[in-house]
Amino acid sequence: MSRILKKFGQLVGSNIEKQPKRAQNLLKFGYAFSGLYTKYCHAKRLLPYQRYSAVVCNSLIRYSLSDPENSAVVNIFFPCELLHAVGIKPGFVEGFSGFLNGAHCERFFIDYIENAGMPKTLCSYHKALLGAAFSKVLPKPKFVMYTTMACDANSITFRELADFWKIPRFIVDIPKSIDEDSIKYVEEQLKQAVSFIEEQANKKFDYDKLKEVIRRENRSRRLYKEYLKDLSVKYIPNSATSEMYKLFFTHVLSGTEEAEKYFALLLADAEKMEKSSDRIRILWCHTIPYWQKSIKVFNNSNKYQLLCLDLNFDAVIELDEKKPLSSLAMKLLNNHMNGSAQRRADRILQMAKYLNADGVVYFNHWGCKKTLGGAGIAKKILKERGFPVLVLDGDGCDRENVNEGQMKTRLEAFLEILGAKK
Amino acid sequence: MKYVCKYTPVELLAAFDLKAELLNPAVDNYEASDQHIHSNMCSYSRSIVEARLRDYSDPIILTTCCDSIERTGEVLKHLGQKVYILNLPHTNEKCCSKHLYKMELLKLINVLSKTLNKEFNVEKFFASFNAEAEDISGPYVSVMGARVNSDLLELIKNESPLPIKNITCTGIRSAAKPPQTDNTDELMKWYADTLLSQIPCMKMSDISKRRDLAADPNLCGIIYNTVNFCDFYAFEYARLKSTLKVPVLNEFKTAHSPPNTEYGWG
């Protein structure tokens, strides 16, 4: 299968410069095929929640390619509840680039944008998406919207995307501190975002629909909290890919029917599992390079429990449907990816305790300056509280920017140490 | 007091008798800083940590001007150094961003008043706006892009046959004279707007004013500086190089770091 995918990636890559439409059609076909394959052929190997998430994420990515006029490109932290209320589908950087990696063609797009002058040191998720847009493989969406939270690359990427596509962009600036002025600042911008969406979508914004979205999101959050409670004492089969899919439901699909169904399936699967403490329990920070051989050790493993990515509990917050924009502002400001390294480390520590983690892997994704810059602080805080930490340099998206051998050795050694302690 | 960003309220510091000095270290290696901050952070940030580990007698004021500087401030704080970090908005076109920055300035006044046991001195604040601005008439060459260390800037100035205008992200600081008022709140409202209305750095959402930098008919050439692992400026360089008629040189990629830096985890 891997050889076929590699060939497929090369075929896509060989078309992006001269026949971008053909490359786009190949991707559409490839994703449609993989969606069907997951639904029908993978069925027995996966738990219901895993199968469902693979199918829904696949479908969302295909939407950006097949119906761009009804979609927007956003960053992962953008409050997509506003888009769901008017029926605009979000495509997001990490999701789309993750799927390019899944099709073994991310490097061609990265090369494309690096040759256009984008620095090699930029986050590879952003480079892959920019390459897809600039090569005209990713079609022009209706508009772009983003927050400034967590990552400077957003400012670069979305400005360039809007300029290149000649489409409107909207920025929500998120301050680092949480106080009355900051909440008002973000709330005011969200009001302007609503007007922007109304204007671009040529639709009246329906606040009742937003309330409905928020109610669904709150129900989903409750299911998720129940799941996390189960996860703290049970073994629940998981995989690196499933954790990456979970990012869709904890972020851009928050408040949708699909997300509510996903969390219901997640909890139902968890409830079927027995209590277990014999696995080595790993909490993972940032994204995870699910496609790397060394990471497959976690996939539905008998020995290890991949607990959660910290990005998947960055904002598990109840929203107030009576104050929708204000509570969305609070959710953004309270996200542990916003603000100091200390804030993020404290939240990781809290969840490491809650989920009974044996160790933490802090993944330094290429180009993520916030994560890289906070590594020392997080390691110190977690180690002082007794949690072994592995700071692992790698790349979540670009398979040519990894040292597989070194990563395998370091990860194995860390897991061995944790195993000996258990 | 040391500062790094042009949005730093240096005139406000002067109102407390604090002399603000631009921190622009050039270091030979990162032996000490590599213990505390990742080597794939921008080389300027690493230089700051390296320099501050050798000499941290002065307090330092930073802004959240980029991810690297923000984390640099935190690393220094965790090392026990005196660091003040101002929250810098990404926009100036939104009215609330000016209000938010005004509140940051008022908060700084409050902190300095308590720490130094001094009042905000309005006269000293007004007087500090008298600093001479770099004014070059006629043909010139500009140094543009990310911050350039002082040694390199001097070298360029000495070698260039034409006057050099420093319009890098720290070099184009400008603030007009403030209106006469004793109302600190009003004054800080004006000051926040003035600071945020400077020629934007690449962090800012709206960078359209930057086009003016390259549109001057007296501009004869650009020396464009990029810093390792600073992602903001490289793409602007590529764009200018392909669109401008004047020569654009980018030979200073390692301005804040030792040579032979390679990219990639491998």
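None of these values were measured; they are calculated from a predicted model.
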key: Close side-chain approach of B:Ser97 to A:Tyr185, heavy-atom, < 4.5 Å   =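 In short, these two side chains touch, coming nearer than 4.5 Å.
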message = Is it the case that over 12 heavy atoms from other parts of the model lie below 6.0 angstrom from the NZ atom of A:Lys331?
response = yes
In terms of side-chain heavy atoms, does [X] have a donor or acceptor partner in [Y] at a distance below 3.5 Å?
X: B:Asn92; Y: B:Ser197; result: yes
X: A:Glu404; Y: A:Gln292; result: yes
X: B:Tyr224; Y: B:Ser142; result: no

[X], part contacting chain B, at a heavy-atom distance under 4.5 Å:
X: A:Ile377; answer: side chain
X: A:Glu160; answer: side chain
X: A:Ser177; answer: both
X: A:Ala341; answer: both
X: A:Asn115; answer: neither

request  = Give a yes or no on whether the ring-centroid distance for A:Tyr146 and A:Phe78 is below 6.0 angstrom.
outcome  =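 No; A:Phe78 has its ring centre 6.0 Å or more from that of A:Tyr146.
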message = I want to know whether A:Phe196 and A:Phe143 have ring centres closer than 6.0 Å.
response =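 Under 6.0 Å, so yes.
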At a 4.5 Å cut-off on heavy atoms, which part of [X] comes close to chain A: side chain, backbone, both, or neither?
X: B:Met204; value: backbone
X: B:His78; value: side chain
X: B:Lys77; value: neither
X: B:Ser205; value: both
X: B:Gln35; value: neither
X: B:Ile207; value: side chain
X: B:Ala234; value: both

note = When A:Asn338, A:Asn335, A:Thr371 are each screened for side chain to side chain donor-acceptor pair (under 3.5 Å) with A:Arg344, the one that passes is A:Thr371
note = Interface check, chain B: of A:Ala116, A:Pro119, A:Gly374, A:Gly376, most non-hydrogen pairs under 4.5 Å belong to A:Pro119
message = If you count heavy-atom pairs within less than 4.5 Å of chain A, which of B:Met202, B:His36, B:Lys241 leads?
response = B:Met202
query = Between A:Asp398 and A:Arg107, is there a side-chain N and carboxylate O pair less than 4.0 Å apart?
reply = yes
